[in-house]
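No hydrogens, no waters, no symmetry mates; every other heavy atom, side chains included, goes into these values. Both counts, for ligands and for their atoms, begin at 1 and track the order of listing.
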Amino acid sequence: MISMLSTTVLLLACAGHGVLGQFVAPPTNLTSKQGYANITVRYKPVPAGICEQDPDVKSFSGYADVAPDQHIFWWFFEARNVDPSEAPLTIWINGGPGSSSMIGLFQELGPCRVNADGEAVDNPYSWSNVTNLLFIDQPTEVGHSYSIPVPAYLDPTSQLLVQLPNNSCPDYASDWDCGTYSYFNESLTANSTPAAAPNLWKTLQGFMGAFPQYSRHDVFFTTESYGGHYLPLFSKYFLQQNAKGVKGAHNISLVGGMIGNGWYDPLIQYQAYYNFTVYPGNTYGYSPFNQSVKDQMYNNLYGAGNCYDQTVDCNVGKIDEICTAADNFCYQQVENLYDIYLERDEYDVRYLMPNPFPPSSYVDYLNTERVQRAIGAYVNYTEASAAVSAAFTTTGDDDRELGTVEAIRDLLAHNVSITMYFGDADYNCNWLGGQVVADHVNATGYAAAGTGFVNISTSDHVVHGQVRQAGHFAFVRIYQSGHLVPFYQPLVALEMLDRVIHARDIATGNTTVTPAYRTKGPKLSSFHEGNATVQFDVTPPDSVYNTTTNLPQNATDASQPPSSSKLSKKSARPYRPARSRKRALMLGQSPSQAQGPLGRWM
Ligand SMILES: *[C@@H]1O[C@H](CO)[C@@H](O)[C@H](O)[C@H]1NC(C)=O
Ligand SMILES: *[C@@H]1O[C@H](CO)[C@@H](O)[C@H](O)[C@H]1NC(C)=O
Ligand SMILES: *[C@@H]1O[C@H](CO)[C@@H](O)[C@H](O)[C@H]1NC(C)=O
Ligand SMILES: *[C@@H]1O[C@H](CO)[C@@H](O)[C@H](O)[C@H]1NC(C)=O
Ligand SMILES: *[C@@H]1O[C@H](CO)[C@@H](O)[C@H](O)[C@H]1NC(C)=O
Ligand SMILES: *[C@@H]1O[C@H](CO)[C@@H](O)[C@H](O)[C@H]1NC(C)=O
Ligand SMILES: *[C@@H]1O[C@H](CO)[C@@H](O)[C@H](O)[C@H]1NC(C)=O
Ligand SMILES: *[C@@H]1O[C@H](CO)[C@@H](O)[C@H](O)[C@H]1NC(C)=O
Ligand SMILES: *[C@@H]1O[C@H](CO)[C@@H](O)[C@H](O)[C@H]1NC(C)=O
Ligand SMILES: *[C@@H]1O[C@H](CO)[C@@H](O)[C@H](O)[C@H]1NC(C)=O
Ligand SMILES: *[C@@H]1O[C@H](CO)[C@@H](O)[C@H](O)[C@H]1NC(C)=O
Ligand SMILES: *[C@@H]1O[C@H](CO)[C@@H](O)[C@H](O)[C@H]1NC(C)=O
């Protein structure tokens with residue numbers, strides 16, 4: 001319901017800016033360079049203050065033209081405290097499928113956050129403190145990446161994009177619905193993890209060729225969530241391309257991979273929804289279901305022809321329709337029981353929906369003309385691409401095993417270190433499932449007698465979690481953290497990255513890791529947080545997350561209170577937009593509706 005007041009404000013805003021202002025003017029003054037493998041990149045230097053605040057630390061952003069109508073957006077930041085020409089290159093991508101890597105940049109580990117006033121402020125825990133850092137929006141149509149820019153508006157009821165004939169916003173679409181979006185054509189993006197690998201490789205070839213000064217040394221690959229599918233297969237593809245010795249291409253010297261709350265193996269991880277909520281349960285003392293819901297979940301998982309059986313069928317026959325149907329079944333009948341009965345955040349069991357963390361103010365920031373000009377954006381920003389999510393749904397990629405575990409084994413055999421870390425309050429890709437995935441990797445020494453969990457020590461002398469490590473393989477559990485670990489536990493996340501980069505042990509950072517390195521401790525991590533940080537009332541939207549108390553805090557009591565919000569009504573939306581297929585569905589889309597844009601475009 002729109003109040004009279006906001007309607008008036010809206011009309012004034014329209015009169016003030018004119019109807020054309022909502023569309024993105026094509027960027028000017030991009031520098032064009034041919035990188036390796038004949039990939040052209042177009043970019044501009046990003047001025048200080050647009051994210052990175054320090055004028056002595058350079059930042060660039062732009063596109064890699066990977067196919068005639070496929071342009072991949074990237075944003076690079078020089079290392080802050082290491083000579084950038086000596087620092088390694090770390091790549092970050094978010095998951096989804098369809099989630100923008102600007103989530104990682106602005107809500108987790110980039111050089112800035114956006115405050116409630118819509119201003120970029122320094123993030124002292126930026127991963128660029130220790131490495132050159134490259135964020136990539138992939139596949140095509142995610143975030144600022146684009147196929148063909150077209151004028152359109154987002155129908156607020158159906159959440160579908162509707163194309164417009166020209167850059168003019170009709171009266172019936174409220175002003176902020178209109179913008180420049182990617183034309184949705186499934187053949188202009190990827191519909192599966194394996195299909196997405198070549199364009200990420202091409203993007204890296206373009207970037208590394210245009211910026212050889214940042215690409216001379218080791219490469220680290222970091223990701224989250226659906227990155228449990230992406231990282232193992234993309235990395236395997238990089239190694240294959242290296243081995244082929246593609247003419248004009250550059251070797252990607254991958255040294256380490258880090259995956260936060262990854263979705264690796266659907267058969268294991270669908271079962272983990274039961275483990276996390278019923279038995280043995282989570283470590284927050286939160287056992288929410290009555291017996292009838294427990295039985296319902298168990299039956300929907302293990303009953304004849306249900307989630308488990310369907311997922312096995314998908315991975316035996318590998319037929320798109322069977323995988324899509326299996327995934328829909330498992331999502332709706334198993335995973336989603338949590339949402340239906342609890343109205344809790346799937347990404348953080350401690351919070352009811354809507355969860356104000358992390359704040360979404362960065363979305364509006366990326367949709368201002370000033371910022372778009374500074375970064376050379378061709379299209380408006382969308383946090384989650386329903387088009388890409390729909391494309392992946394057609395192949396049931398989410399329900400496929402895809403050889404992720406085997407690929408991790410292969411990477412370890414090629415001396416690439418792998419760190420699987422999990423915030424332990426996340427239900428969506430929970431650590432109990434992750435632990436079973438790690439067992440399946442069966443890295444040398446991981447299962448050996450004596451190898452087990454030890455506490456992680458960090459410079460703040462607070463124990464933020466535990467690690468079980470054997471050689472270059474580590475499984476990490478982070479306490480008091482939802483899905484987005486670098487948001488909830490920024491210090492341990494940064495120190496962990498630093499240790500990986502220097503081939504030091506995750507536990508202390510003081511020991512150089514050799515193949516024979518083992519942590520000695522119990523096989524299981526048994527610490528229980530209890531329910532002290534579990535919220536039983538909806539957390540007020542203007543709260544801030546206190547990383548010391550691990551509790552929400554009234555913004556007015558925070559040591560750096562954000563001043564009153566002057567953001568548009570967008571920031572008041574009840575749910576954050578999708579950062580995964582599941583979230584997209586929560587916004588009221590069924591997978592078939594999510595394919596709507598294709599129909600509408602046609
Ligand atoms: C798209 O970006 C323009 C600035 O170029 C902005 O005015 C408009 O509100 C944005 N549209 C959306 C839907 O965010
Ligand atoms: C274009 O870029 C050059 C070099 O970066 C700069 O000197 C010039 O002022 C820019 N022009 C515009 C219109 O932004
Ligand atoms: C790049 O272009 C050259 C000349 O057209 C061609 O010989 C070469 O195969 C191309 N390399 C790649 C990786 O496409
Ligand atoms: C990260 O680097 C900045 C700039 O040098 C510095 O101010 C900050 O303290 C560093 N953060 C940490 C956690 O060391
Ligand atoms: C844009 O398209 C609309 C039809 O939807 C039309 O009424 C309007 O005149 C067009 N505007 C321009 C500038 O062509
Ligand atoms: C999508 O792109 C393909 C390849 O460019 C083209 O053949 C097809 O006609 C396009 N579909 C639509 C609906 O535009
Ligand atoms: C779930 O718990 C059972 C029994 O404790 C255990 O055998 C199984 O490996 C667990 N699976 C997952 C995915 O957590
Ligand atoms: C794990 O690897 C060891 C060799 O390192 C092998 O003997 C054992 O059979 C493997 N276990 C499984 C379950 O694959
Ligand atoms: C690691 O080494 C540093 C510097 O020598 C020392 O202060 C710290 O206590 C050591 N940490 C552990 C866990 O041993
Ligand atoms: C929190 O846990 C304590 C025991 O550890 C229990 O007595 C209490 O009822 C729990 N609170 C809620 C709201 O579940
Ligand atoms: C925050 O504290 C102020 C002053 O104590 C109070 O008026 C306000 O209601 C509180 N806000 C929330 C969201 O709790
Ligand atoms: C978080 O809580 C601690 C302990 O109460 C307090 O000292 C600190 O100032 C709080 N942090 C912020 C940002 O308000």
Side-chain angles (χ1 to χ4, degrees), residues 113 115-116 121-125 228 261-290 294 297-298 300-302 307-308 311-312 330 334-335 338 342 344 349-352 356-359 399 401 404-405 420 422 424-442 447 460-462 475 477 480 487-491 523-540 542-563:
R113 300 273 170 87
N115 68 15
V121 294
D122 184 65
N123 172 18
Y125 301 102
N261 291 71
W263 181 254
Y264 302 85
D265 183 307
L267 192 63
I268 294 170
Q269 292 181 274
Y270 274 126
Q271 294 180 73
Y273 292 133
Y274 182 84
N275 286 35
F276 192 83
T277 50
V278 182
Y279 182 80
N282 56 72
T283 52
Y284 290 86
Y286 184 62
S287 175
F289 295 144
N290 64 26
K294 290 178 184 175
M297 198 188 235
Y298 189 88
N300 293 354
L301 254 175
Y302 297 113
C307 173
Y308 188 94
T311 297
V312 169
C330 293
V334 178
E335 177 182 348
Y338 174 104
L342 308 181
R344 271 194 184 269
V349 70
R350 298 170 301 168
Y351 291 91
L352 290 164
F357 306 128
D399 206 55
E401 301 197 350
T404 52
V405 164
M420 295 171 52
F422 286 84
D424 72 1
D426 179 29
Y427 163 84
N428 188 289
C429 298
N430 68 60
W431 76 284
L432 297 176
Q435 214 169 8
V436 177
V437 174
D439 287 340
H440 281 232
V441 171
N442 192 24
D460 61 352
H461 307 294
V462 173
F475 175 85
R477 168 188 172 197
Q480 298 287 2
F487 171 79
Y488 294 103
Q489 297 298 345
L491 180 101
K523 287 284 176 218
L524 296 175
S525 172
S526 59
F527 176 71
H528 278 62
E529 286 91 345
N531 62 18
T533 57
V534 178
Q535 305 300 304
F536 295 97
D537 294 309
V538 173
T539 304
D542 59 351
S543 306
V544 295
Y545 187 83
N546 185 315
T547 56
T548 305
T549 59
N550 296 304
L551 287 168
Q553 184 169 315
N554 185 328
T556 56
D557 300 336
S559 52
Q560 287 183 311
S563 39

_Per-residue contact class, Phe536 against ligand 10 - non-hydrogen pairs under 4.0 Å_ = side chain

*asked:* Tell me whether the rings of Tyr427 and Tyr338 are parallel (<30°), tilted (30 to 60°) or perpendicular (>60°).
replied: parallel

*asked:* Give the atom numbers and elements of ligand 7 that come within less than 4.0 Å of a heavy atom of Leu432.
replied: 14 (O)

*Distance to 0.1 Å, residue and atom name: give those for the protein heavy atom nearest to atom 6 (C) of ligand 7.*
Asn275 ND2, 4.2 Å

_Can you report which non-hydrogen protein atom sits closest to atom 5 (O) of ligand 7, along with the distance?_
Tyr279 CE2, 4.0 Å

*atom 9 (O) of ligand 7 [closest protein heavy-atom partner, distance rounded to 0.1 Å]*: Val436 CG2, 3.8 Å

*Compare every heavy atom of Ala425 with every heavy atom of Arg350, then report the nearest pair and how far apart it is.*
NE-CB, 3.9 Å

_Qualifying residue, where the test is ring pair (Phe, Tyr, Trp, His ring centres under 6.0 Å) with Tyr270 and the options are Tyr264, Trp263, Tyr308_ = Trp263

*What pair of heavy atoms forms the shortest contact from Ala438 to Phe475, and how long is it?*
CB-CD1, 3.7 Å

*Run the numbers for me: atoms of ligand 10, each under 4.0 Å from some heavy atom of Asn531, listed by number.*
1 (C), 2 (O), 3 (C), 8 (C), 10 (C), 11 (N), 12 (C), 14 (O)

*asked:* Less than 3.5 Å apart, any donor N or O on the side chain of Glu529 or Asn282 sitting next to an acceptor on the other?
replied: no

*Compare Thr547, Asn550, Asn554, Asn546 and give the one whose heavy atom is closest to atom 10 (C) of ligand 12.*
Asn546

_Distance under 4.0 Å to a non-hydrogen atom of Ala272: what atoms of ligand 7 satisfy this?_
13 (C)

*Verify whether one side chain among Arg477 and Gln435 offers a donor that lies under 3.5 Å from an acceptor in the other.*
no

*With atoms numbered from 1 as shown, which atoms in ligand 12 lie under 4.0 angstrom from a non-hydrogen atom of Thr549?*
2 (O), 4 (C), 5 (O)

*Would you please indicate if the ring centroids of Tyr298 and Tyr274 are separated by under 6.0 Å?*
yes

*Report the member of Val437, Asp439, Ile268 with the shortest heavy-atom distance to atom 13 (C) of ligand 7.*
Ile268

_Nearest protein heavy atom under 4.0 Å from atom 2 (O) of ligand 10, yes or no_ = yes

*Check: Tyr284/Asp424 side-chain N/O donor and acceptor closer than 3.5 Å*: yes

